[in-house]
Each structure stands twice: as structure tokens, then as C-alpha cells.
Colleague: 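Here you go, one structure.
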Protein chains: 2
Amino acid sequence: MSTIKDVAEAAGVSIATVSRALHGLPRVSEATRQRVLAAAAELRYVASPSAASLASGQTNAIGVVAPFVNRWYFAAIVHSAEERLRKAGYDLLLYSLGTDTHERRRAFSGTLLRKRVDGVLVLGLHPTAEEVAALSAVGGPVAIVGADVPGWASVRIDDEAAARCAVRHLLDLGHRRIGFIGGADELHTAMPADRRVGYRAELAAAGLPALPELEAVGGFTVSGGHLAAKRLLGLPEPPTALFAASDEMAMGAVQAARRSGLRVPEDVSVIGIDDHEMAELMDLTTVAQPVVAQGELAAEMILTALTDGEQPLPAITVPTELMVRGTTSSPRG
Amino acid sequence: MSTIKDVAEAAGVSIATVSRALHGLPRVSEATRQRVLAAAAELRYVASPSAASLASGQTNAIGVVAPFVNRWYFAAIVHSAEERLRKAGYDLLLYSLGTDTHERRRAFSGTLLRKRVDGVLVLGLHPTAEEVAALSAVGGPVAIVGADVPGWASVRIDDEAAARCAVRHLLDLGHRRIGFIGGADELHTAMPADRRVGYRAELAAAGLPALPELEAVGGFTVSGGHLAAKRLLGLPEPPTALFAASDEMAMGAVQAARRSGLRVPEDVSVIGIDDHEMAELMDLTTVAQPVVAQGELAAEMILTALTDGEQPLPAITVPTELMVRGTTSSPRG
DNA sequence: CTGAAAGCGCTTACAG
DNA sequence: CTGAAAGCGCTTACAG
């Protein structure tokens, strides 16, 4: 593996000049630059990121912290953010925490990220005040997707409004007994709580009570949604419609209804949030959120903060859209 | 941010001793080690990865190169590999190439990875001989998932056998006119070709011809599968069963059949490969492949190669399993 | 426009 | 068991 010294010798210049030429800095004659570029290409020279980082104090890497990557929402955001960051010359260090509290602590405390990244992208987690302080102390700009934190850049949907939109759709269709399938670990992720708030608020706005027995926990998985729906539909007085806080849970709910011999939407309506890539396939009515855009925006914000220094970090709310498909209709009778 | 020097001063030892104590190396007295550990904790010291890499020649990072992360198969493998690698103290650098040939070239040429990672994990790509040579020249061990390459560690399923298993299931049910929905860019990814080979081979073993008009391109997406199925089912003499080389395409095919007014499986059977997380939900018959295990195995192989030096790199084939669900049955009549 | 040199923060023989 | 010192390969003022 060739080093900058090899290139310098081959080009007949100093290593300082090689560095400047390769970085496109001014104060290098065009002739010299060409000679250096040719020598570097010839030697297949690639600068050592470690050495460059040590000398410059920049790592040219962004850390991405998420609970999962193998879920539609996170995978889509990671993919779009990665593309944007790589284009800007940044590497993406992935920390997929799972549900492990210990790993979560390591990530947020900075043990994992300090001195390793120039900035951090947090996905789908709702950090505590302590965690915010710790991550902020890592040094670089932080952007969060799916929540907002003072001092950090953020991209999110209005979860409460999205939930209200979904419930309103059901109300407009004539439903009055509407079940809710939410997440479980409200402490860990941001949006479940907000979506539940929206559910209750929209019911209240329609003069309907929020009945505890109509709220179930789905854990944001297909099988969790299935189980939750099964319980709700087995109630003595079952709901005529189900609002699931994510499409994956909504899909599980549709399945549960059908396995219980109920037709969707004739016997029970189901609506989700997301517009998961499989939602159209399943003809699922949902409130769509733009995931690719959120990933790109978050990446963009970090890049801007990295170059533009001290300008205020934006907090963006992206719009959602009701997608009426085949799993919702008016209740019978 | 504290450096090793701060810790050394606080503990009253040299930086060499700090380094040894923190790494758990021998030849440090227990008392000294405790003192160093305490000082490091007190100062919230985290070693600079750049400095450590530059001095040691190791990056403690593994590069993961994949065409996508936002597809079930890749996301699942990245997630499980990341967990294993992080546990071993390695960072995961993600390179999600997309379909961009330019980025692919950069990744395989080593421009992206050289001097940056200790090993590489390649997912779902079928590198050319040239690419293999270039990536091998990066230096560290390489493991590939979904294909096998001489000189690299590998984990994969037997794609041809999996395809034959799927087709055999359809033959056993009595189908004789079986359509195939495969990928598109056979040059880029490994398995499409093998799965097509298996399809043809199993037909041949049953004394049936491989009819070109029964083979369609689905591009490994739901919508691609939908389109391909639509074409096949619109044939003057349509197939009574469809074998899709992935579950996502199979799901698209099921949808296409239903939208054409055909019942699945009464009018047309559909089988896929994968056992996608949504397959059970859709009651899709498929040939299951273990994704989590493949990710873990691949990570394990790299870790072993990294520590155990020059032992031969394993090439493992993991088993697949036919999952008979509700989208396949005997043809009518 | 170019070079000599300091310095980034570690690891690792080498001495003792 | 511990320390002094070289060296990893860059970047970046500082001179000229």
C-alpha cells in the first residue's frame, strides 16, 4: 500500500504539496497538481483515513443510531441517508441497537461514538434529557428523525396530527367504536405516545370517550398487531374499526380479522400509518409518511451543520397524506 | 476531550502503561491497572480510534457492501451481522451501493475501503473476477453472502436446489405448466441465474420443456413481480402455477392474479423463495432461507479470519425448507 | 507556489 | 512491572 511519501517521491515534490494537490487546495501550480494526480493514480494511492483524521481532527464519518435496521421505516431512512452522505464523502457507521438497554446506554453515552464520528443521526428513538446531554457532548451536530429535541436538527411527521387524520377518516365513515393498536415501549421510541394522544384527541373532538378496553399493545410488529387485533375483535362489544399506529401492525390486524372470519372492510375497517412498501399490495388504507425524504433531509441537515458552522439547526415537519384504499369503509347498518 | 496523556498524569504512570492497562495486557500490576481504570473512568476517557488505528495498523471496522439495505433480505443480514460485529468490538461501515455502476466500481476497486476496514462483508452481489481481485487486494478477509468466491469465506443457500424444491412442489401438486419470475440484472446479483437454472432443471427432470414464453423478469420487487405475473397470466395458454425467485415478487404475483379475477390457489398457484417476514401474513407458500443465521455466520467467519490468521476460509451452504401454506394447491381439473 | 517541521494520539518493541 | 522513544501517515500553520 502506497503512502503519501511514495507519491511525493514519484512526483518529485514534498508530501505537503501532495496533500494540497490531492485536496484541491489553492496555491499549487496546475502543472504540479497534474504531476501529483498522475503519480497518485499510478500508485493507486488512497490516503489513510486514520492518519488524516488524526491530523485534521475530522473523521469524515457520520454515526447512525437506530433501534433496528431490519424494519421498513428504519431501513428506508438509512438507505436514503447513506446515499446522501456517501455522495458528500462521508462514511456511515451503523449502530443498530436492538432493544438492549446496555447497548443503548453505550451509544448515547458517547463511548461508541466519541472521537469516531463528525456527526450523529438518531432514528426513531426518544432520548432522555440525560441521553441528549451525553450525545450532545460527543461534539458534532446531531440530527434526529421521528422526534424533535431542542439543540438538535430534526425531521419528523406530526404524529398526533397523522393519528387524528386516521381516526377522522374512520369517524367520517360513520364509525363510533374505534380500537387503537399502539406500541409498547413508549419510553424508547418517540411516536407511539403521540399517536395515542392523537387517537384520543380526535375521539374527544367527536364527543366520544377514550375507552381503555379499546386500546391494545402491538409492539410495532405484524405479529403484535395480529395479537392485539385478535383481543380487540374478541371483545363482547368489538370495535367496528381499528386504527393501528403502524402499517405493520395494521397488516397483522387485517390478518387477524380475516382469520376470525371477519371481512375487511365489510365487518371491520383497518387503517395504519406509514404507507409501508407492502401497503398497496395489501390494499391497506393508511396515512403515508415520506421516508426517503426524511432520510435525505436529515443527512442534508448534518452536512449543512458540518460545513456551515454555527447557523441554527432546523426542525422540519414533513407532511403526511391519507391514502384511502380497500381496508376501510362505512360500518354495516 | 481527554487524551491518554491526561489519564497517564491522573494515574501517575506513563502513557505506555495506560495503553497496556486499558487493553488488559499482561505485565501491569493489578494495583496500577485499577488506578489507570479509575482515572480513565473519572476522565470519561475514550481512546481515539484514528490514533489507535494509525499506530496499530488495525481499524477495528468491517465494511459491508450491499446493493440495498432497504430490502428484507439485506436488512435482516446487516442487522444480524452488525450485532455480532459490535459485540466483538468492531464498527460496521455501511456501503449501500444501489444500482449505480459507478459506486459499485468505487466500492470494489478499494477506493472506498482500502486502509479503512479490517475486513469486508459482501452481500448479494456477484463480483466479477476483476472485482474479486481488486477487493482481495484491499487486504483483509472477505466474506460473501449469497454467492461463493474462491479465496473468500462464503455463506449461501443452494439456490439451484431451492428453486428445484419449489418447482418440485408444484409438479407434485400436478402442475405441468409452470411460469417463472426471475430477476433482471443477472450480472450484478448472484442468485437469479442459479434459481432459473434450478427451475429449468427440475422441469427437465420431469420431462417438461423450458418454454421461453413462461419466463418473465420481475426485478426482485413487488411491483416487478406484479407486472411479470400479469403478463404470464395474460398468455393465451397461461400457466397454472407461478414460481417467483423471491417472496417479494411472489407477493406481487399473488396480487396480480387476484386483480385479474383469479383465485389463489384455486385458479393459479404461487410459490416464492425466502420466507419473507410478511410471507406468513400473506399465507404464501415458499422455500425458507435462514437470513439471521447467514448474517451471523458471515460475521463470525470474518472475526475468525481476523484473529485466527491463516486458516482456510470456510464456504458454508445453509439449508432451506419448503413452507407449504395457502397459495399453492393442485390445479383444477 | 513550495517545503521543512511540528503535531495529531495512540501502540509497541526495546531497555531496564 | 514500567517508562522513554520511535513511528504510524497524514494536515497545517509558518517561512520563504
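Note on naming: letters A, B, ... go to the chains in the order of the sequence lines (proteins, then strands), and numbering restarts at 1 for each one. As the structure is a prediction and not an experimental result, all values here were calculated from the model.
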Colleague: Whether B/Lys115 contacts D/dC10 is assessed here as follows: a side-chain N or O lying under 4.0 Å from the phosphate OP1 or OP2. Is that the case?
Modeller: yes
Colleague: So what's the dot-bracket for DNA chain C: Watson-Crick or G-U pairs under 3.5 Å, [ ] if a pair crosses, | if it pairs off-strand?
Modeller: |||.||||||||.|||
Colleague: Partners of A/Ala8 by side chain to side chain contact (heavy atoms under 4.5 Å, CB included), sequence neighbours excluded?
Modeller: A/Ile15, A/Val18
Colleague: In terms of heavy-atom contacts, does CD of B/Gln34 have more than 12 from other residues, nucleotides or ligands at under 6.0 Å?
Modeller: yes
Colleague: Under 4.5 Å between any side-chain heavy atoms of B/Val65 and B/Leu123, yes or no?
Modeller: no
Colleague: Filter on side chain to side chain donor-acceptor pair (under 3.5 Å), then keep only pairs touching residues 79-98 of chain A, sequence neighbours left out; what's left?
Modeller: A/His79-B/Ser96, A/Glu82-A/Arg86, A/Arg84-A/Glu300, A/Arg86-B/Glu103, A/Asp91-B/Tyr95, A/Asp91-B/Arg116, A/Tyr95-B/Asp91, A/Ser96-B/His79
Colleague: How many Å lie between CG on B/Asp6 and C1' on C/dG9, as a whole number?
Modeller: 11 Å
Colleague: Using the rule given for side-chain contact (heavy atoms from CB on, under 4.5 Å), can you reason through A/Trp152 versus A/Val120, listing the C-alpha separation, both sets of side-chain angles and the distance that settles it, and then say yes or no?
Modeller: CA-CA 10 Å; A/Trp152 290 2; A/Val120 181; over 6 Å; no
Colleague: Regarding B/Ser50, tell me which of base, sugar-phosphate or nothing describes its non-hydrogen contacts under 4.0 Å with the strands shown.
Modeller: nothing
Colleague: Applying the side-chain contact (heavy atoms from CB on, under 4.5 Å) test to B/Val318, which of B/Ile157, B/Val145, B/Val291 qualifies?
Modeller: B/Ile157
Colleague: Looking at A/Ser14, does any N or O in its side chain come under 4.0 Å of the phosphate oxygens OP1/OP2 on C/dG3?
Modeller: yes
Colleague: Send over the distance from A/Leu54 CG to C/dC10 C1', rounded to a whole Å.
Modeller: 7 Å
Colleague: Using salt bridge (Lys or Arg N to Asp or Glu O under 4.0 Å), reason through A/Arg105 and A/Glu131 one step at a time and then give a plain yes or no.
Modeller: CA-CA 8 Å; A/Arg105 195 174 358 249; A/Glu131 289 175 334; over 6 Å; no
Colleague: Nearest to the B/Val13 side chain among D/dG3, C/dG3, C/dG9, which nucleotide is it?
Modeller: D/dG3
Colleague: Between A/Ser29 and C/dT2, is there a contact of a side-chain N or O with OP1 or OP2 at under 4.0 Å?
Modeller: yes
Colleague: A/Asp118: what forms a side-chain hydrogen bond (donor to acceptor under 3.5 Å, both in side chains) with it, not counting sequence neighbours?
Modeller: A/Thr59
Colleague: For B/Ala137, enumerate each residue passing the side chain to side chain contact (heavy atoms under 4.5 Å, CB included) test, keeping only those at least two apart in sequence or located in another chain.
Modeller: none
Colleague: Along nucleotides 11-16 of chain D, 5' to 3', which nucleotides get a B, which get an S, and which get a -, given that the test is a protein heavy-atom distance under 4.0 Å?
Modeller: BBB---
Colleague: What's the NZ-C1' distance between B/Lys5 and D/dA5, to the nearest Å?
Modeller: 14 Å
Colleague: Take atom CD of B/Glu9 and atom P of D/dG3, then tell me their distance rounded to the nearest Å.
Modeller: 13 Å
